[in-house]
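This report concerns only the one structure given below.
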2 protein chains.
Amino acid sequence: MSLRAALLALIEVAGPSSGYDLTKRFEGSLAHVWQASHSQIYPELNRMAADGLLEVEAEGPRGRKTYSITAAGRTGLHEWLTETKPEQRVRSEEALRAFLIPLLPREEALDLLKEELRHVEARRAELETLCEHASESDFGRYALERGLRQLAASRDWALWAIDRLQKSEEARTETARTPTGEL
Amino acid sequence: MSLRAALLALIEVAGPSSGYDLTKRFEGSLAHVWQASHSQIYPELNRMAADGLLEVEAEGPRGRKTYSITAAGRTGLHEWLTETKPEQRVRSEEALRAFLIPLLPREEALDLLKEELRHVEARRAELETLCEHASESDFGRYALERGLRQLAASRDWALWAIDRLQKSEEARTETARTPTGEL
DNA sequence: CGCAGCAATGTCAAAGTTGACATGTCGGCT
DNA sequence: AGCCGACATGTCAACTTTGACATTGCTGCG
């Protein structure tokens with residue numbers, strides 16, 4: 001259902017669009033939040049049209065189809081936003097790795113964390129520029145801000161973890177103990 | 001592959017375990033990071049055993065099967081951690097909602113945000129207690145900390161968004177303008 | 001002209017995920 | 001004895017998601 005909501009919202013905001021347009025827009029700021037490729041979007045649009053949420057206007061020289069939102073579509077979107085309780089579960093491979101970090105010997109763990117830190121910084125910089133170019137009232141403004149804050153949290157965590165690992169290494173060196181069981 | 005890595009790691013850390021054990025452990029701190037139910041875990045364990053990553057020791061009065069990690073399993077886990085580049089895409093329905101917030105009239109948007117804030121605070125409190133009860137060296141310590149920071153970021157974002165919406169409402173009231181197009 | 005590249009839509013198999021259904025054991029309580 | 005809840009494993013249909021394969025029209029370039 002999330003895909004439907006996203007598509008309805010995109011059409012609601014930008015007006016009648018083609019599947020191609022929507023696919024492109026999914027590659028923009030929305031990509032930080034939800035992903036879908038054309039192979040998922042095209043069939044879904046047709047199903048939504050069949051369900052009366054969208055109206056198709058097929059034409060265009062290259063077989064372009066334009067979908068517009070119907071009253072039913074608008075109602076559906078509103079219902080989804082207000083009456084569906086959000087799925088709180090998050091699945092993040094990065095977080096899973098974080099979970100598994102303690103399995104690695106310190107050196108390797110530190111390398112991984114530093115690598116992660118680089119990635120996060122890169123994405124943050126990217127988002128930051130997007131954020132600057134976005135107008136005050138831009139549609140994706142809220143999501144952008146959210147993404148930025150999440151990334152900042154990831155960065156801070158990585159810094160914390162690196163610090164912690166280095167401290168525990170120092171402690172280990174001082175007391176001259178052998179390391180405990182690692183992978 | 002993430003499921004495999006998680007299962008290998010859980011067995012690596014806790015020693016030989018049954019599918020039931022692993023299912024329970026997936027409901028613990030790991031649930032904040034990755035989810036899997038027994039219907040996914042049981043078949044996967046058997047596949048992993050067939051692939052030589054695990055060793056089965058079937059017995060126990062209630063048909064309990066105990067899986068232990070093999071050398072190949074350990075290698076596989078290590079490879080996954082160090083040689084696979086992490087999937088950076090995140091899919092979060094909550095974030096998607098954040099994206100769509102501007103579609104709602106202010107009052108409804110505020111209600112949603114406040115609701116979200118409550119949820120986040122509740123989960124944060126829950127994690128916080130988990131964090132306190134966790135020993136310094138607990139396996140899940142890093143993931144727990146990461147989860148806490150993510151939730152804090154979500155909370156701060158919600159507060160920021162509420163503030164922003166209220167400010168824009170004031171501005172609107174002052175200038176006595178009619179609202180722009182909303183859902 | 002031919003060709004590359006983008007516009008535009010589609011299908012399909014494979015993999016991942018969920019929730020429901022199914023089954024049987026064991027221990028403790030009434 | 002009967003029942004409940006925890007232990008323990010499994011299957012299956014439905015749905016979502018991904019990546020590959022496939023096709024056609026238009027546009028600009030050499």
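Throughout, protein chains are lettered first and strands after them, A, B, ... in sequence-line order, and every chain is numbered starting at 1.
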Quiz prompt | Sub-4.0 Å heavy-atom contacts from residues 34-50 of chain A onto DNA chain D, ordered by number | solution =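 Here the set is W34(A), Q35(A), S39(A), Q40(A).
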
Please give, in whole Å, the distance from [N] [atom2] to [X] [atom1]?
X: E87(B); N: dA15(C); atom1: CD; atom2: P; answer: 17 Å
X: Y67(B); N: dA8(D); atom1: OH; atom2: C1'; answer: 11 Å
X: E27(B); N: dA8(D); atom1: CD; atom2: C1'; answer: 13 Å
X: R64(A); N: dT27(D); atom1: CZ; atom2: P; answer: 14 Å
X: E93(A); N: dA15(C); atom1: CD; atom2: C1'; answer: 14 Å
X: L96(A); N: dG16(C); atom1: CG; atom2: C1'; answer: 15 Å

Between the protein and nucleotides 3-5 of chain C, list every N/O to N/O distance that falls short of 3.5 Å.
none

Quiz item: Of L7(B), L53(B), L3(B), which meets side-chain contact (heavy atoms from CB on, under 4.5 Å) against L45(B)?
Solution: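 Single pass found, and it is L7(B).
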
Exercise. Could you tell me which residues satisfy side-chain contact (heavy atoms from CB on, under 4.5 Å) with N46(B), sequence neighbours excluded, listed by chain and number?
Key: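 Testing N46(B) for side-chain contact (heavy atoms from CB on, under 4.5 Å), a comparison that skips the adjacent residues, returns K65(B), Y67(B).
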
Checking the side chain of [X] only, and the main-chain atoms of [Y] only, is there a donor and an acceptor separated by less than 3.5 Å?
X: T70(A); Y: G52(A); result: yes
X: E93(B); Y: E87(A); result: yes
X: Q35(B); Y: L30(B); result: no

Hey, is the side chain of [X] poking within less than 4.0 Å of OP1 or OP2 on [N], counting only N and O atoms?
X: R91(B); N: dT17(D); value: yes
X: K65(A); N: dG10(C); value: yes
X: Y20(A); N: dT9(C); value: no

Quiz item: M1(A) or S18(B): which one's nearest nucleotide on DNA chain D is closer to the 5' end?
Solution: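 Per heavy-atom nearest nucleotide, the more 5' residue is S18(B).
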
Exercise. Could you say whether G63(A) or L3(A) is positioned toward the 5' end of DNA chain D, judged by the nucleotide with the nearest heavy atom to each?
Key: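 By nearest-heavy-atom nucleotide position, the 5'-most residue is L3(A).
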
Self-check item: W34(A) six-ring centre to R89(B) NZ/CZ under 6.0 Å and within 45° of normal
Solution: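 Cation-pi check for R89(B) and W34(A): fails.
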
Quiz item: Regarding R164(B) and the six-membered ring of Y142(A), is the cationic atom NZ or CZ under 6.0 Å from the ring centre and inside 45° of its axis?
Solution: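 Positive - R164(B) is close enough to the ring of Y142(A) and near enough to its axis.
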
Practice problem: May I ask you to test the R91(B)-S92(A) pair for a side-chain heavy-atom distance under 4.5 Å? | Solution: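 Side-chain contact under 4.5 Å: no.
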
Quiz item: Using the ring of each side chain (for Trp, its six-membered ring), is Y42(B) parallel, tilted or perpendicular to H38(B), with breaks at 30° and 60°?
Solution: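 Ring orientation of Y42(B) relative to H38(B): perpendicular.
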
